[in-house]
Protein chains: 2
Amino acid sequence: MGESERGAATREHILATATAMFGESGYRGASLRDIAARCGLTHPGLLYHFPTKADLLEAVLQRRDDADTKAAGPQQHGVEALVALVGLAGRNAQARGLVELFATLSAEATAPDHPAHAYFVDRYSRVVREISRHFAEIQADGKLREGIDPAHAGRQWVALMDGLQVQWLLDESTDMAGTLEAHLRSQLT
Amino acid sequence: MGESERGAATREHILATATAMFGESGYRGASLRDIAARCGLTHPGLLYHFPTKADLLEAVLQRRDDADTKAAGPQQHGVEALVALVGLAGRNAQARGLVELFATLSAEATAPDHPAHAYFVDRYSRVVREISRHFAEIQADGKLREGIDPAHAGRQWVALMDGLQVQWLLDESTDMAGTLEAHLRSQLT
DNA sequence: GTCTATAGAGTGATAGAC
DNA sequence: GTCTATCACTCTATAGAC
């Protein structure tokens, strides 16, 4: 890494800007010209780094996954893992761009021909499975309330996080972390 | 009502088609030409009935609210009202167009300059208040589990319905009604 | 690496004939 | 009521200069 230093910085700047604008306006709504202009570039300048708009979207999603994985830190289990997610929801309330990105794109990508459709289908099945596993661990520890099915609880948790994000985007006084925490408490013994 | 019969039928046809296409592709993604073509019209023909695209969207949302109000039938309370919503979720699974409409638009309308922004801000505050009232009624009947706050429960319920719709749109094997029902049971004594 | 210029297609909306 | 034709604009992407 020597002469490619400047190029990498531009690439990173583009990705951060695209993340914000895909969130604000959706993939269809944010144009390459708008994104490029916010980076102090023209749109062909941007396309030198990402050959097509779909490539840019893919890089944005990949980058976000990488950041998430790194931020998650050491692997956690059971209740600790869910408490960590409540904390993440609280911190997300300070990064509106990222919340918008996923709320907007996951709905938009519902259309089978959307460039991020496969990404979101895969992501949801993975996340639901993961959260359900945490509830199963809680159950194994004897700390899950009676009559609660870990698979249902996992799916509910993911739906709750998504739905709360939409409500928070429409009205920022919505208490995402508090509502999520209340739900968690009601599931435990 | 005599000579305006044919005009009303065309209007209704346009609204049904626009509902489906705004759902499939979002407000931005569905063009007036596409909607008009599916109605056997040209796009100026459509614009005779709805002067602008935003007017068409407003009429679509208004029509859906009217249909909902009528379908709701006699006003219900407490647990019965929530059970009725579980049933509605089950029936919605047979009308993908309507589910898509609200999932797609509520995320898209998160942007403050979206033509349906005010509609959704208002709708959510109204619906959350209404569902919270049902939980308060359940509490008054002594049937709400201890430590559950009706206001939290109402917000959670709405978030759950929205989040489950996105999951169902990405994977139709998702059991919306069952997951919702499991949640309801876990809230009751 | 970034630019100007442009191709080629699509958009919402309007004018005016029938 | 519905059409054809068109305006003015935007979009993604490419060609080629620097």
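Any value given below was found using the heavy atoms of this structure, including those in side chains, with hydrogens, waters and symmetry copies removed. Naming: A, B, ... by sequence-line order, numbering from 1 per chain.
Atom NE2 of A/H13 and atom P of C/dT2 are 12 Å apart (whole Å). For A/Y48 and D/dG16, the OH to P distance is 18 Å, given to the nearest whole Å. One can place CG of A/L46 at 13 Å from P of D/dC11, the figure rounded to the nearest angstrom. Rounding to whole angstrom units, CG of residue A/L56 and C1' of D/dC11 are separated by 15 Å. Distance, B/L47 CG to D/dC7 P: 18 Å, rounded to whole Å. A/R28 places its CZ atom 14 Å from the C1' atom of C/dT11, with the value rounded to the nearest Å. One interatomic measurement links the two molecules: CG of B/L41 to C1' of D/dT4, which rounds to 14 Å at whole-angstrom precision. Between A/K53 atom NZ and D/dA13 atom P there is a gap of 8 Å when expressed in whole angstrom units.
If you check every strand for non-hydrogen atoms under 4.0 Å, A/T42 touches a base. Note on B/L32: only backbone sugar-phosphate atoms sit closer than 4.0 angstrom, heavy atoms only; bases stay farther off. Residue contacts for A/H49: at a heavy-atom cut-off of 4.0 Å it reaches the sugar-phosphate backbone alone, with no base atom in range.
Using a 4.0 Å cut-off between a side-chain N of Lys or Arg and a carboxylate O of Asp or Glu, A/E130 and A/R126 do not qualify as a salt bridge. For A/E24 and A/R96, the salt-bridge test fails: no basic side-chain N is under 4.0 Å from an acidic carboxylate O.
Side chain B/R33 to base C/dG12: a donor-acceptor pair is found below 3.5 Å.
Minimum atom distance to the side chain of A/P44 is reached by D/dA15, of the listed D/dA15, D/dC3, C/dT6. With distances taken from any side-chain atom of A/T10 to the nucleotides C/dG12, C/dT2, C/dA13, the minimum falls on C/dT2. Here the nucleotide nearest the side chain of B/S31, chosen from D/dT14, C/dT14, C/dG12, is C/dG12.
Ring planes of B/F135 and B/W157: perpendicular class, angle over 60° (limits at 30 and 60°).
Less than 6.0 angstrom separates the ring centroid of A/H183 from the ring centroid of B/H183.
Annotation: cation-pi pair B/R64/B/F102 present, NZ/CZ under 6.0 Å from the ring centroid and within 45° of its normal.
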